[in-house]
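Throughout, protein chains are lettered first and strands after them, A, B, ... in sequence-line order, and every chain is numbered starting at 1. The basis for the numbers below is simple: all heavy atoms, side chains too, and nothing from hydrogens, waters or symmetry mates.
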2 protein chains.
Amino acid sequence: MNLEQIAKLSGVSRSTASRVINNDPNVSDNARENVKRIVRLMNYVPNAAARGLAAGRTQVIGLVIPTGVSALFSDPYCSILIQSVSSACNAHNYSVMLWIAQPEYERRQIHQIVRSGAIDGAIIAPTLANDTLVQALLAGSLPFIVIGHYPANGRVNYVDADDILGAHEAVRHLLRMGRTRIATITGPQNTITGIDRLMGYMHALRECGLPVESDLIAAGGFSEGGGYIAMQQLLPHRPDAVFAANDIMAMGALRAIRDTGLRVPQDIAVVAFDDTPLAARAEPPLTTIHRPTHQVGNLAVETLIEMIEYPKSSPYRIMLPTELIIRSSCGAAFKEKLAC
Amino acid sequence: MNLEQIAKLSGVSRSTASRVINNDPNVSDNARENVKRIVRLMNYVPNAAARGLAAGRTQVIGLVIPTGVSALFSDPYCSILIQSVSSACNAHNYSVMLWIAQPEYERRQIHQIVRSGAIDGAIIAPTLANDTLVQALLAGSLPFIVIGHYPANGRVNYVDADDILGAHEAVRHLLRMGRTRIATITGPQNTITGIDRLMGYMHALRECGLPVESDLIAAGGFSEGGGYIAMQQLLPHRPDAVFAANDIMAMGALRAIRDTGLRVPQDIAVVAFDDTPLAARAEPPLTTIHRPTHQVGNLAVETLIEMIEYPKSSPYRIMLPTELIIRSSCGAAFKEKLAC
DNA sequence: CTGAAAGCGCTTACAG
DNA sequence: CTGAAAGCGCTTACAG
């Protein structure tokens with residue numbers, strides 16, 4: 001069943017049939033009625049490939065998450081992002097093509113797709129600080145938006161949560177709780193998120209006149225195991241608090257602290273980042289910085305669709321605020337004296 | 001840059017250029033050389049829509065996960081499935097289109113897509129026992145494969161883990177540990193997985209001559225909160241063990257047990273199902289049934305691709321074995337006497 | 001408001 | 001092994 005046949009059955013030309021299917025207002029009520037009836041009757045659905053070829057648009061957007069296998073397994077952050085992008089797309093009548101791409105060969109495939117006209121635009125999620133895919137996209141003409149900001153390049157559209165301010169707030173909260181030897185477990189420093197959260201940590205300390213001690217900084221690679229090991233490295237330096245750059249690493253830190261017999265928050269206060277479902281269920285429940293992932297995903301697709309449909313518009317730089325969620329791991333219930 | 005131009009630059013016809021691009025063996029080495037060189041030089045990528053229209057195949061498969069928002073957030077199972085399907089597709093030069101579809105309106109959209117020729121085949125993940133999408137697919141001609149078996153319909157191709165045997169093994173393990181009042185927290189009973197895991201539980205008890213007491217069965221809806229509440233309902237009936245139909249509910253059960261001051265496994269042994277990353281990190285680490293999700297995802301795409309490329313082949317019914325993973329929550333370290 | 005026609009960029013019998 | 005040609009099923013100026 002194709003347009004031709006629908007047109008014939010409706011007693012109009014293919015052009016007119018096409019117009020009613022695409023909601024073109026320049027159609028008589030009568031013709032519209034007839035075509036719609038036949039479409040319903042025949043259960044007609046236009047062929048996507050033909051449409052894509054003729055119109056130059058496919059009504060699908062690509063979502064690429066350049067994250068290794070491991071991260072996706074354990075970090076709900078990615079799941080939430082995928083879910084929110086998927087549902088926002090569906091709500092706007094777009095479909096989403098997904099690539100979870102770490103290895104180089106998979107990425108090469110994506111480079112191809114991007115040039116094949118298979119998608120109308122792309123959303124690139126948690127990228128490294130200088131992602132080759134972003135470079136390629138920049139050189140091409142496909143609309144795209146990055147999740148995570150690109151301070152280095154003013155031409156990149158992005159939507160992001162404000163990691164620097166978030167981390168800053170996390171550490172300020174610990175300072176407010178009276179902690180003075182505040183350690184941090186960092187994410188990978190080739191990652192924008194990893195870098196920003198460390199910067200926020202340093203800013204907060206400096207602002208308070210406290211030194212930034214390298215002994216109190218350990219890399220946790222955004223993984224639970226990494227958080228565990230990092231905490232073990234930090235412990236000998238007697239921190240009284242730790243800011244973990246994500247919830248997962250905080251889980252590892254909690255485990256390391258527990259294993260040495262210390263208590264959270266009495267001996268060591270912990271603040272994390274992301275506010276994934278893990279945080280609320282940790283023992284003790286984690287004080288953490290809420291990252292508006294759902295909103296980020298929604299805005300990314302809405303912005304991208306606007307870029308696709310109204311190509312002339314100005315650059316998008318959307319920075320969403322984070323929020324401190326106070327639970328039990330920071331000792332907010334125990335003391336209220338200010339160190340700063 | 002299109003095929004026409006590539007052909008011209010290579011000094012061959014469009015047909016020949018197309019042949020080398022599609023690896024047709026019937027091309028002279030000379031022509032092949034020339035075209036390949038030009039393709040590389042011009043960085044040519046064939047237009048996907050045109051290809052799809054002409055060839056009738058798009059080289060993309062659809063993955064639909066009819067799961068609510070909540071489940072995807074908290075259950076790593078879905079993430080792992082998405083990841084494994086995605087990587088298997090990429091490895092076979094297919095792309096994946098993703099739908100995470102709960103609400104009916106989103107599903108209607110999928111019905112359209114399926115008929116639009118946008119995908120060559122579909123994988124339908126954790127479905128309800130009588131999914132309307134599956135019914136529609138059955139009526140159409142698009143190759144598809146279900147994750148989860150369809151005992152009710154012999155024409156449905158599927159790949160699945162053997163939930164009945166898995167649950168059976170879980171409960172037998174508890175019996176072996178000397179437990180006799182074994183409760184279960186079930187998944188939704190409109191879910192194949194939920195039903196099967198309950199069946200496995202009942203089989204194991206009956207096989208052992210033990211009664212199936214309705215007081216020892218509580219629904220947990222596959223969620224953490226549901227598991228918590230279910231465990232609270234079970235506790236007054238003094239179970240000495242509980243089989244939770246997934247890891248997440250086991251986490252909730254653990255929390256409920258802890259809240260009443262009872263110990264795991266001394267007072268109540270716990271066995272879960274799925275072996276998601278959560279299980280190993282629980283307190284205490286959960287004994288659970290490993291579900292080979294990664295393998296399921298891989299096999300689903302490999303089978304689907306075979307169905308797409310060699311349409312005549314026989315039905316596929318692939319049932320993968322599960323495996324009991326013994327950790328600390330079942331008391332295997334405490335006693336070894338057999339009750340049965 | 002409508003239709004005839006060109007065109008989107010490929011693949012694939014077909015004939016040689 | 002190769003090319004001319006038909007065709008995949010739409011959209012969209014264009015002219016009326």
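- If you take CG of B:Asn26 and C1' of C:dT11, they are 15 Å apart, rounded to a whole angstrom.
- In this model, the phosphate group of C:dG3 is approached by a side-chain N or O of A:Ser13 to a distance below 4.0 Å at OP1 or OP2.
- Rounded to whole Å, atom C1' of C:dC1 lies 11 Å from atom CZ of A:Arg32.
- Judged by closest nucleotide on DNA chain C, A:Asp29 is the one of A:Arg14 and A:Asp29 placed further toward the 5' end.
- In terms of the salt bridge (charged side-chain N to carboxylate O under 4.0 Å, His left out) criterion, residue partners of A:Glu4 (sequence neighbours excluded) are, by chain and number, A:Arg14.
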N/O-N/O pairs, protein side and nucleotides 13-16 of chain C side, under 3.5 Å:
{"unit_1": "C:dA13", "atom_1": "N6", "unit_2": "B:Arg19", "atom_2": "NH2", "d": "3.3"}

Margin query: Counting Watson-Crick and G-U wobble pairs with both distances under 3.5 Å, what is the dot-bracket string for DNA chain C, 5' to 3', using [ ] for crossing pairs and | for pairs to another strand?
Written below: |||.||||||||.|||

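- Between the P atom of D:dC10 and the CD1 atom of A:Ile6 lies a distance of 9 Å, rounded to the nearest Å.
- For A:Arg32, there are no side chain to side chain donor-acceptor pair (under 3.5 Å) partners, not counting sequence neighbours.
- Among residues at least two apart or in separate chains, there is no salt bridge (Lys or Arg N to Asp or Glu O under 4.0 Å) pair with a member in residues 141-150 of chain B.
- Here C:dC10 presents its P atom at 5 Å from CG of B:Leu3, a figure rounded to the nearest Å.
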Please list, one pair per line, the donor and acceptor atoms closer than 3.5 Å that link side chains of residues 24-31 of chain A to other protein atoms, with sequence neighbours excluded.
{"unit_1": "A:Asp24", "atom_1": "OD1", "unit_2": "A:Asn26", "atom_2": "N", "d": "2.8"}
{"unit_1": "A:Ser28", "atom_1": "OG", "unit_2": "A:Ala31", "atom_2": "N", "d": "3.1"}

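- The salt bridge (Lys or Arg N to Asp or Glu O under 4.0 Å) contacts involving residues 52-61 of chain B comprise B:Arg57-B:Asp120, where partners must be two or more places apart or lie in separate chains.
- Rounded to an integer number of Å, the gap from B:Met1 CE to C:dG9 P is 12 Å.
- When the side chain to side chain donor-acceptor pair (under 3.5 Å) test is applied to B:Asn298, no partner is found at least two apart in sequence or on another chain.
- Residues from residues 38-58 of chain B lying near DNA chain D, meaning a heavy-atom separation below 4.0 Å, are B:Leu53, B:Ala54 in numerical order.
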Next item on the list: Check the pair B:Phe222 / B:Thr191 against side chain to side chain contact (heavy atoms under 4.5 Å, CB included), numbers first and verdict last.
Entry: CA-CA 10 Å; B:Phe222 276 157; B:Thr191 258; 3.9 Å; yes

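- Take B:Gln295 and apply the side chain to side chain contact (heavy atoms under 4.5 Å, CB included) test, not counting sequence neighbours, and it matches B:Pro292, B:Leu320.
- B:Thr58 places a side-chain N or O within donor-acceptor distance of the main-chain N or O of B:Ala118, the cut-off being under 3.5 Å.
- Within the structure, every pair that satisfies the side chain to side chain donor-acceptor pair (under 3.5 Å) test and touches residues 41-50 of chain B, not counting sequence neighbours, is listed here: A:Arg115-B:Asn43.
- Counting non-hydrogen atoms under 4.0 angstrom, A:Ser18 reaches a base of the nucleic acid.
- For B:Ser28, the listed nucleotide lying nearest its side chain is D:dT2; candidates were D:dG9, D:dT2, C:dC10.
- Between B:Gln59 atom CD and C:dC10 atom P the separation is 15 Å, expressed in whole Å.
- The interatomic distance linking B:Ile21 (CD1) with C:dC10 (C1') rounds to 10 Å, in whole Å.
- OP1 or OP2 of D:dT11 has at least one side-chain nitrogen or oxygen of A:Asn22 nearer than 4.0 Å.
- The CG atom of A:Asp24 sits 9 Å away from the P atom of C:dC1 (whole-angstrom rounding).
- Take B:Ser18 and apply the side chain to side chain donor-acceptor pair (under 3.5 Å) test, not counting sequence neighbours, and it matches B:Asn22.
- For the C1' atoms, the distance from D:dG16 to D:dT12 is 16 Å, rounded to whole Å.
- Side chains of A:Leu98 and B:Leu63 form no contact here, defined as non-hydrogen atoms less than 4.5 Å apart.
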